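Inspection log for the structure reproduced underneath, given as structure tokens.
Values reported hereafter were calculated over all heavy atoms of this structure, with side chains retained and with hydrogens, waters and symmetry mates removed. It should be emphasised that the depicted structure is a prediction, and the values quoted were computed from it without experimental measurement.
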Amino acid sequence: MTRWESLLAVQAHDTHIDQLTHRADTLPQRAELATNREAVAALEARAAVVENRRGELSRSQQRLEDEVATLNERIGQADKRLYSGTVSNPRELQALQDDIASLRRRIGGLEDEELEIMELTEPVEAQTSELAAEREALAAETARIQAALAEAEGAVGAELAAARAGRDEAAAGVPDDLWAEYDRLRSHLGGVAIARLVGPTCQGCHLALPAVEVDRIKRLPADEPVHCEECGRLLVRD
Ligand SMILES: [Zn+2]
């Protein structure tokens, strides 16, 4: 095997490694995971709005309950005075009764408000439950995608390891002085530094060289480096 054949074998491995690396970087599960993350973020944004509303309603309800409790306390005190026997003035007794009646009316009004709040809370609670179910479904989806991604990464990782081992083996047959040019050409020519010349056609750029150029190449010593005049890649002759 000439050094050019050895280098071409390395190229085949490197091309394969590049493809596998690209596959690893663009596994469909990565896009799925990104979409899933967006869905989670959108859900949490909606949940924050609902939670905020739920908090507002809960605070309103608490405020009303506290107010009702305070009014009930005042009714209790008024009742006590009314039946304590310490108040005998009929006008004062009447005033106490009026007071109690007025407090009860206020409580009635507050209780109506409480009912309204409870009615408003119902759909918000329903939304909260729906969001919790959605969150759970999304979390299950995240776990499923992550497992699939790990599996796909494992598979492509194993292929990569095998390809790298093959590359190392092939690279052992390549003299050190070829690497600089190989690496330079690879970085400038889309990862392909060396290609076979099949008939008049460079397998790197797939262009046919002029017959006169093919003739010139054929007459060169087998070990002489040859470049495709179209793309500049190293050529391996049969
Ligand atoms: Zn070419």
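In the hydrophobic clustering of ILVMFWY residues, with side-chain heavy atoms under 4.5 Å counting as a link, Leu138 and Val49 come out apart. Hydrophobic clustering, with ILVMFWY side chains joined whenever heavy atoms are under 4.5 angstrom apart, keeps Ile17 apart from Val192. Residues Val87 and Ile100 are members of one and the same hydrophobic cluster, defined by side-chain heavy-atom contacts under 4.5 angstrom among Ile, Leu, Val, Met, Phe, Trp and Tyr. Grouping the Ile, Leu, Val, Met, Phe, Trp and Tyr side chains by contacts below 4.5 angstrom, directly or via other members, places Val212 apart from Ile217. Leu8 is connected to Trp179 through a chain of hydrophobic side-chain contacts under 4.5 Å among Ile, Leu, Val, Met, Phe, Trp and Tyr, so both are in one cluster.
Between Leu197 and Val226 the shortest side-chain heavy-atom distance does not fall below 4.5 Å. The side-chain heavy atoms of Leu235 and Cys202, taken from C-beta on, include a pair separated by under 4.5 Å. Side-chain contact between Leu149 and Leu27: present, with at least one pair of heavy atoms (C-beta onward) separated by less than 4.5 Å. Proximity of Leu120 to Arg53: side-chain heavy atoms (C-beta onward) are separated by under 4.5 Å at one or more points. Annotation: side chain of Glu159 is in contact with side chain of Arg23 (closest heavy-atom distance under 4.5 Å). Lys218 is not listed as a side-chain neighbour of Arg237, based on a closest heavy-atom distance of 4.5 Å or more. Inter-residue side-chain proximity for Val10 and Tyr182 is flagged as met; some heavy-atom pair is nearer than 4.5 Å.
Once rounded to the nearest 0.5 Å, the distance linking CZ of Arg74 with CZ of Arg106 reads 5.5 Å. In this structure, Leu71 CG and Arg104 CZ are separated by 11.0 Å, a value rounded to the nearest 0.5 Å. How far CD1 of Ile107 is from CD of Glu114: 10.5 Å, rounded to the nearest 0.5 Å. Within the model, atoms CD of Glu32 and CZ of Arg37 stand 12.0 Å from one another, a figure rounded to the nearest 0.5 Å. Interatomic distance, CG of Leu110 versus CG of Asp66, reported as 11.0 Å (0.5 Å rounding). The OG1 atom of Thr201 sits 10.5 Å away from atom CD of Glu230, with the distance rounded to the nearest 0.5 Å.
Pairing each heavy atom of Pro175 with each of Gly173, the nearest pair is CD-O, 3.8 Å. What you find for Arg184 and His188 is that their closest heavy atoms are O-ND1, 2.8 Å. Listed here is the closest heavy atom pair of Cys205 and Cys228: SG-SG, 3.7 Å. Across Ser88 and Leu93, no two heavy atoms sit closer than the pair O-CD1, 3.9 Å. Considering every non-hydrogen atom in both Gly199 and Val214, the closest pair reads O-CG1, 4.4 Å. For Ile117 against Gln61, the heavy-atom pair with the smallest separation is CG2-OE1, 3.5 Å.
Looking only at distances, a side-chain donor or acceptor of Arg233 sits under 3.5 Å from a matching main-chain atom of Leu189. Side-chain N or O atoms of Thr128 include one that pairs as donor or acceptor with a backbone N or O of Val124 at under 3.5 Å. A donor-acceptor pair under 3.5 Å is absent between the side-chain atoms of Ser58 and the main chain of Arg54, judged by distance alone. The main-chain N or O of Asp223 is found under 3.5 Å from a side-chain atom of Arg3 such that the two form a donor-acceptor pair.
Taking a cutoff of 4.0 Å between a charged side-chain nitrogen and a carboxylate oxygen, Arg30 and Glu153 qualify as a salt bridge. Comment: Arg63 does not engage Glu113 in a salt bridge, judged by the lack of any side-chain N to carboxylate O separation of less than 4.0 angstrom.
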Kindly indicate, with the supporting measurements, whether the criterion side chain to side chain contact (heavy atoms under 4.5 Å, CB included) is fulfilled by His22 and Asp25. CA-CA 5 Å; His22 176 73; Asp25 290 344; 5.5 Å; no
Checking side chain to side chain contact (heavy atoms under 4.5 Å, CB included) for the pair Leu178/Leu234: CA distance, chi angles, key distance, verdict? CA-CA 11 Å; Leu178 294 189; Leu234 281 161; over 6 Å; no
Go through the steps for Thr15 and Gln19 under the test side-chain hydrogen bond (donor to acceptor under 3.5 Å, both in side chains), then give the verdict. CA-CA 6 Å; Thr15 299; Gln19 287 163 350; over 6 Å; no
Verify side chain to side chain contact (heavy atoms under 4.5 Å, CB included) between Glu134 and Arg46, making sure each step is shown before the conclusion. CA-CA 11 Å; Glu134 266 185 68; Arg46 272 161 58 213; 3.0 Å; yes
Please report the C-alpha distance between Arg186 and Gln11 in whole Å, then the side-chain angles of each, then the deciding distance to 0.1 Å, and finally whether the side chain to side chain contact (heavy atoms under 4.5 Å, CB included) criterion is met. CA-CA 9 Å; Arg186 235 168 83 73; Gln11 175 70 72; 4.0 Å; yes
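For Glu65, there are no salt bridge (charged side-chain N to carboxylate O under 4.0 Å, His left out) partners two or more places apart in sequence or in a different chain. Remark: Arg81 pairs with Glu92 by the salt bridge (charged side-chain N to carboxylate O under 4.0 Å, His left out) rule, at least two apart or across chains. Applying the side-chain hydrogen bond (donor to acceptor under 3.5 Å, both in side chains) rule to Arg196 yields the partners Glu5, Asp238; only residues at least two apart in sequence or on another chain are considered. Shown here are the side-chain hydrogen bond (donor to acceptor under 3.5 Å, both in side chains) partners of Thr142, two or more places apart in sequence or in another chain: Asn36. Among residues two or more places apart in sequence or in another chain, the side-chain contact (heavy atoms from CB on, under 4.5 Å) test is passed with Arg59 by Glu56.
Apart from Val198 itself, the hydrophobic cluster it occupies contains nothing, where clustering links Ile, Leu, Val, Met, Phe, Trp and Tyr at side-chain heavy-atom distances under 4.5 Å.
By the 6.0 Å contact criterion, CD on Glu224 is enclosed, its count of non-hydrogen atoms from other residues, nucleotides or ligands being greater than 12. Counting non-hydrogen atoms of neighbouring residues, nucleotides and ligands closer than 6.0 angstrom, the CD atom of Glu151 reaches no more than 12 such neighbours. Within a 6.0 Å radius of NE2 in His206, more than 12 heavy atoms belonging to other residues, nucleotides or ligands are found. Other residues, nucleotides and ligands contribute more than 12 heavy atoms inside 6.0 Å of the CZ atom of Arg167. At most 12 heavy atoms of other shown residues, nucleotides or ligands fall within 6.0 angstrom of atom CD in Glu169.
Screening Thr70, Leu103, Leu82 for a side-chain contact (heavy atoms from CB on, under 4.5 Å) with Ile75, the sole residue that qualifies is Leu103.
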